[in-house]
Amino acid sequence: MSTFAFQTIDQKWQQFWKENQTYRVAHNSDKPKYYVLDMFPYPSGSGLHVGHPLGYIASDIIARYKRLKGYNVLHPMGFDAFGLPAEQYAIEHGVHPAISTEKNIATYRRQLENIGFSYDWSREIRTSDPEYYRWTQWIFLQLFDSWFDRSQQKALPIADLEAIFAAEGNLSYPSPGQKDLHFNAADWGHYPEAQQREILMGYRLAFLDHASVWWCEALGTVLANDEVVNGVSERGGHPVERKKLRQWFLRITEYADRLLEGLEQVDFSDSLKEMQRNWVGKSYGAEIDFEIEGHAEKLRVYTTRPDTIFGVDFMVMAPEHELVAQITTTGQQAEIDAYLSYAKSRSEVERMADKKISGCFTGAYAVNPFDGRLIPIWTAEYVLAGYGTGAIMAVPCGDERDFAFAHHFGIAVTNILGDQFNGEEANPTKDGVLHNSGFITGMGMREGIEAVIEALAGKGIGKRHTNYRMRDAGFSRQRYWGEPFPVVFRENIPYALPESELPVELPHVDNYGAGPDGQGPLANLPAWTQLPDGRLRETNTMPGYAGSSWYFLRYMDPHNETAFCDRTISDYWNQVDLYVGGTEHAVGHLLYSRLWTKVLCDLGHISFDEPYKKLLNQGKIGGDSRLAYRIRGTQTYVSAGLKADYETDEIHVDISMVQGFELDVEAFRNWRPDFAQAEFILENGKYLCGGRLEKMGKRYFNVVNPDDMVAQYGADTFRMYEMFLGPIDTDKPWDTQGIEGVHRFLRKLWRLFFDEKAAKSLWTDQAPSAEELRVLHRAIRKVEDDLERLSFNTVVSALMMCVNDLTDLKCSSKAILEPLLVILSPYAPHICEELWQHLGHTESIVFADYPVWDESLIRENTVELPIQVNGKMRAKITVPVDMEEAEVRKIALADPGVVKFLEGKEPKKFILVKGRIINVVV
RNA sequence: GCCCGAGUGGCGGAAUCGGUAGACGCGUCGGUCUCAAAAACCGAUAGGUUCACCCCUGUGCCGGUUCGAGUCCGGCCUCGGGUACCA
C-alpha cells in the first residue's frame with residue numbers, strides 16, 4: 001500500500017464516512033455552533049458540470065476547517081425540487097415530475113458524493129416532499145393570518161387587527177390595499193362577514209388581489225410578458241389582451257424599510273446590497289394635487305423635485321390613467337383614442353426595446369398652484385402606470401426625458417436654472433440656485449424642496465411622500481408542479497384550512513395542460529377541487545421561491561412532525577454563519593427569504609430576523625470551447641493558423657475530441673454523420689482548433705463533467721484545483737490542463753510519506769529541525785489567515801510551497817507530517833485520512849485538533865534588508881534581527897552597492913520602517 | 001445612460017497595513033532516466049542589453065501625493081456584471 005492509489009482511497013473513505021456517519025451533528029453540544037450553508041440546487045436533467053461544485057467545495061472546506069477548530073458544524077444539503085423544467089418535461093414526455101425529479105436527485109447525490117463533501121445527509125430535504133411542503137403551507141397560513149402594524153413596524157396576528165377594528169375602526173390603521181377606506185367601530189360591527197373579510201384582505205401579508213396580466217383567449221392561458229410579441233402571442237400569433245385576474249401576492253412592500261435597514265447588519269458584498277437597495281428603490285419627494293381647469297377632479301403627481309415646480313411646462317399621465325378618459329376634450333377625442341389603442345397593443349418588452357418618443361395632448365389644462373399658469377396635460381407611454389401616481393409634472397429644463405419630449409412636440413421650455421441651463425440639454429443638478437421661480441427664486445435647490453413642500457402642505461394640496469419601486473410579490477402560478485395553497489373558497493371568499501388538514505397534498509394528474517379560464521392544471525380535477533360540503537380548493541400553486549424561502553430553518557430540525565422547527569433548536573443553530581451561492585438570486589430568493597424570516601421572527605416563531613449573517617457569492621466557471629473552421633460551402637476544414645486565407649464557418653467541436661488544440665480528426669469524422677466526409681487542411685501535420693471562452697453548456701460542446709475529473713485525478717485533486725483556479729468570487733475559465741499541477745502536488749505529498757520504489761514508509765520519530773518547524777508553522781499561519789478571509793486559492797499555493805520546502809529538507813519527522821495533514825485535510829480529506837491512518841491513528845482526522853502556530857518558531861535570526869538610495873533598490877544586506885539601528889546604518893552605508901550610488905555625498909536622511917526597510921536619501 | 005467591479009509575464013493568478021512586483025501553478029525551453037518515447041523527477045523562464053555580472057524599462061493611459069505607489073488622490077481608456085423611460 002505504498003503507491004498513491006487515489007481511486008481506492010477515495011472510495012474507501014467515502015464509504016467509511018457514510019458507514020460511521022462521521023458528519024452527523026446534533027444540536028445539543030457544548031461547542032460553539034457554526035452553520036455553513038450552500039444554496040441548494042434545482043436538480044436538472046443534465047447533472048452537474050465542473051462549474052456547479054465550486055461553491056460547494058468552498059463551503060465544505062470551511063465546514064471541515066471549522067470542525068477542526070472545535071466548532072459544532074451544521075453543514076446540510078437538499079434539493080429545490082419543485083419547478084418549471086420538470087413540468088415542461090412532463091408535458092413533452094408524459095413522465096410525472098415526481099419521477100423525473102427523483103431520478104435527477106439520485107444523479108446529483110451520486111455526483112456530490114463523488115467529491116467527498118462532509119454533509120450531514122440525514123438532514124437532506126426536498127421541497128416537493130409533503131412532509132416538507134406541509135410546513136411551507138403552514139408558513140403561508142402565518143402570512144395569511146397576519147398584517148403589518150406600521151407604528152410598530154412588525155407583523156401581528158390578524159385577530160389583533162379584528163379586535164382593533166371592533167374597538168376603534170381603522171382610522172389609525174389605514175389599509176395598504178384600499179387607501180381611501182375609513183370606518184369606525186360601529187361601521188365595522190354592521191359590515192356583513194363578506195365585507196369584513198374583504199377589508200381584512202387589504203391588510204393580510206398574503207392576500208388575493210386583481211392584477212393585470214396578458215390573457216390569450218385562443219390558447220386559454222395567461223402569458224408572461226416575454227411570451228407576447230407585437231401584441232400577439234409568440235406561439236401561434238393569436239391576439240392577446242390585458243385582463244385582470246385574481247392572484248395571490250405577498251405584501252413585501254410593507255417590509256421595504258425593514259429590508260433596507262437589515263442590510264446594515266449583514267455581511268453581503270457592496271454590489272449585492274446595492275442590487276437589493278435598487279430593487280426596493282426608495283425615493284423621497286412629494287405628492288402634489290394639481291387642479292384641472294373645468295373639472296372637479298385633481299391630478300395627483302409624484303415628484304422627487306418639488307423645487308422645480310415653477311419650471312413645469314406640461315403634465316403627463318400614463319395611458320392607463322383613469323383620468324385620461326374623463327378630461328379629454330371633444331376636439332382631441334379621436335386622436336386620444338387612436339393613441340390609447342396603440343399604447344395598449346404594445347407589450348412592456350416592446351416598450352423597452354423601442355423607446356421612440358410618443359404621446360398625445362388631451363386638450364385639458366392643469367393649473368400651477370403658485371403662479372396660476374395653465375399647463376397642458378398629455379398622455380404618453382414614457383410615464384408608467386405602476387410607479388408613483390402614474391402621472392408626472394414635466395420639467396424639461398431639469399429632466400432629460402421631459403426635455404426630449406418637449407423638443408419632439410415643440411413645447412416651449414421655461415428656464416429656472418439661469419445660466420446652468422444651455423437650452424441644448426436638460427440639467428438634472430440638485431446643487432444649483434433657483435431662478436425665475438416665484439417665492440423660491442434665489443434659494444438653493446435642496447432648500448427649495450423643503451420650502452415648496454411646506455407651502456403645498458399649507459395650501460392642503462401636497463405633502464411629503466416616500467415612494468418605492470418595489471411591488472408586492474406575485475405568489476400564484478397556473479402550474480402543477482408546486483405547493484398547493486391551503487385555502488378553500490366558500491361563496492368566493494377565501495378561508496384558510498385548519499392546521500390539522502395540512503399538508504394539502506398535490507394530487508396526481510394525467511394531463512399537465514392548462515385548466516379553464518387561466519387556471520392551472522389542478523382545475524381539471526373536479527374531484528379534487530370540489531369538496532363534499534361545496535367548498536372549492538384554490539387551483540393555483542405556489543411559485544418556485546416558496547420552498548426555498550425557509551429551507552435553512554428546516555435543516556435544523558428536519559424530521560419534526562409537530563413544528564416547522566423547534567424553537568429551542570432554532571435558537572441554538574440561529575443564523576446561517578456563512579451562506580454560499582451565486583449572484584443570480586440577489587434580488588429574488590435572497591429578498592424573499594429575508595422577508596419570511598422577518599415575519600416568522602415578528603410572530604415569535606424564531607429569534608432572529610435576518611437569515612444569513614455572511615454571504616459569499618462564488619463566481620462562474622466558464623467553458624473553454626474548441627472551434628473548427630469549415631470552408632464555406634464545402635466539407636473541408638482548415639487548421640486555425642491557415643484560416644485567414646479562406647471564408648469559413650465556425651463549428652463547435654466536442655472538447656473530448658481535442659488534446660490542447662489538436663483535433664482528433666478520426667473522432668471528428670465519427671462524431672456525427674454529416675462530418676463523416678470531412679477533409680482537413682493541416683498545418684505541420686496537425687489540425688489545430690481555435691479556442692474561445694464562453695458559458696459552459698451543452699450547445700457549445702464544452703461541458704466538463706466532475707465525474708470524469710474525479711475518475712482521472714481523484715476527488716482531492718479536483719477539490720484543490722477548483723479552489724486553485726482563482727479567487728472564489730470572480731468568474732474564471734476552466735482549464736483541464738492545469739489540473740496536472742495539483743495532482744503532482746498530491747503525489748509529492750505522498751512521496752513525503754512513502755518511498756514508492758522501495759515500497760517503504762519514510763516517517764520517523766525524529767525531532768524536527770528548526771527549519772522544518774519554521775516551514776510548517778508558516779503554513780499553519782497562512783492557511784488559517786487565508787481561510788478566515790475566505791481566500792481559498794492562496795491557501796493552495798501556501799500548502800504547495802510547504803510541501804516543496806519539506807521535500808527539499810527531506811523532512812521525515814512525524815511531528816511535522818501530522819500537523820501538515822491536519823491543515824491540508826479540509827482541501828484533500830481522502831488522502832489525509834489515508835495517511836493519518838498510516839501514521840497509526842485509529843480515529844478519523846475529522847476529530848483532530850487544528851494545530852496552533854508559534855510565532856517564535858517562525859521568526860528568523862537574521863533579516864535581509866533591501867537598501868534603497870533615493871527610492872531605488874541598490875543593495876541587500878543580511879543582519880541579525882535585533883541589531884541596533886545605528887549599526888545597521890553603518891553596514892548599509894559601507895555596502896559597495898550603496899557607496900557607488902552615494903557618489904561621495906553625505907546622506908541627508910534615513911528612513912527606517914519596522915526595522916526592515918532602509919531608504920538612504922542623498 | 002446610471003450604479004458597482006476589474007485591468008499585473010505566453011496563460012490562471014500572488015503581493016493581507018504604501019515598503020524586494022511576478023509567489024504558487026500551467027505552458028515553453030533545457031537536463032536526468034531510457035535503445036527510444038511517454039511518465040516521473042531536476043533546472044531555467046517579465047522585457048531590453050549582455051558570455052555573464054551589472055544596468056535600464058516595466059502592474060491599461062496621463063498627471064499628482066510620498067524617501068518610496070500595482071496599492072492612495074484627480075482625470076481618461078478598455079473590459080466584465082447589474083439595472084433602466086422609476087419622475
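Both the sub-6.0 Å distance and the 45° axial angle are not jointly satisfied by A/R778 relative to the ring of A/W853.
A/S797 comes within contact range of at least one nucleobase, with a heavy-atom separation under 4.0 Å. As judged by a 4.0 angstrom heavy-atom cut-off over every strand, A/D402 is placed among residues making no nucleic acid contact. Among the atoms of the strands shown, none is found under 4.0 Å from any heavy atom of A/R747. When heavy atoms are screened at a 4.0 angstrom cut-off, A/K748 is found touching the sugar-phosphate backbone but no base atom.
A salt bridge is defined here as a Lys NZ or Arg NE, NH1 or NH2 lying under 4.0 Å from an Asp or Glu carboxylate O, and A/D731 with A/K620 fails to meet this definition. Under 4.0 Å is where a charged nitrogen must lie from a carboxylate oxygen, and between A/K273 and A/E264 no such pair does.
A/D786 has its CG atom 14 Å from the C1' atom of B/rG13, to the nearest Å. Protein atom CH2 of A/W279 is 12 Å distant from nucleotide atom C1' of B/rA84, rounded to whole Å. Rounded to a whole Å, the OH atom of A/Y721 is 10 Å from the P atom of B/rG13. We find that CD of A/E381 is positioned 17 Å from P of B/rA84, with the value rounded to whole Å. Going from atom NZ of A/K430 over to atom C1' of B/rA87 covers 12 Å, rounded to whole Å. In this structure, the CG atom of A/L752 is 13 Å from the P atom of B/rC41, given to the nearest Å.
Taking the six-membered ring where the residue is Trp, A/W378 and A/F314 present perpendicular rings, their angle passing 60° and hence far from 30°. Using the six-membered ring where Trp is involved, A/Y721 and A/W734 have ring planes that are perpendicular, over 60° apart on the 30 and 60° scheme.
Across B/rA40, B/rA15, B/rC4, the shortest atom-to-atom separation from the side chain of A/R789 is found for B/rA15. Among the nucleotides B/rC26, B/rU16, B/rG13, the one closest to the side chain of A/Q737 is B/rC26. Each of B/rC24, B/rC85, B/rA40 was ranked by its minimum atom distance to the side chain of A/R401; first place goes to B/rC85. The listed nucleotides are B/rA15, B/rA14, B/rC86; the one nearest the side chain of A/Y387 is B/rC86. Residue A/E274 has its side chain nearest to B/rC3 when only B/rC24, B/rG13, B/rC3 are considered. Distance from the side chain of A/S283 is smallest for B/rA87 among the nucleotides B/rA87, B/rU16, B/rC26.
Between A/R277 and B/rC4, a side-chain N or O to OP1/OP2 separation shorter than 4.0 Å is absent. For B/rG81, neither phosphate oxygen OP1 nor OP2 lies less than 4.0 angstrom from any side-chain nitrogen or oxygen of A/K695. For B/rG25, the OP1/OP2 oxygens have a side-chain nitrogen or oxygen of A/N804 closer than 4.0 Å. Considering only side-chain N and O atoms, A/Y382 lies nowhere under 4.0 angstrom from the phosphate OP1 or OP2 of B/rA87. For B/rU83, the OP1/OP2 oxygens have no side-chain nitrogen or oxygen of A/R469 closer than 4.0 Å. Listed pair A/R751 / B/rC41 meets the phosphate criterion, a side-chain N or O lying under 4.0 Å from OP1 or OP2.
For RNA chain B, runs of at least 3 consecutive pairs of the Watson-Crick or G-U wobble type, with both hydrogen-bonding distances under 3.5 angstrom, map to B:1-7 with B:77-83, B:10-12 with B:24-26, B:27-32 with B:40-45, B:46-48 with B:55-57, B:60-64 with B:72-76.
Checked by atom type, the side-chain pair A/N702/A/S625 shows a donor-acceptor distance below 3.5 Å. Side-chain N/O atoms of A/H743 and A/R747 include a donor and acceptor closer than 3.5 Å. No hydrogens or angles considered: nothing links the side chains of A/Y342 and A/S358 as a donor-acceptor pair under 3.5 Å.
For B/rG74, the base is anti relative to its sugar; the glycosidic angle deviates from 0 by more than 90°. B/rC26 adopts an anti glycosidic conformation, its chi angle falling more than 90° from 0.
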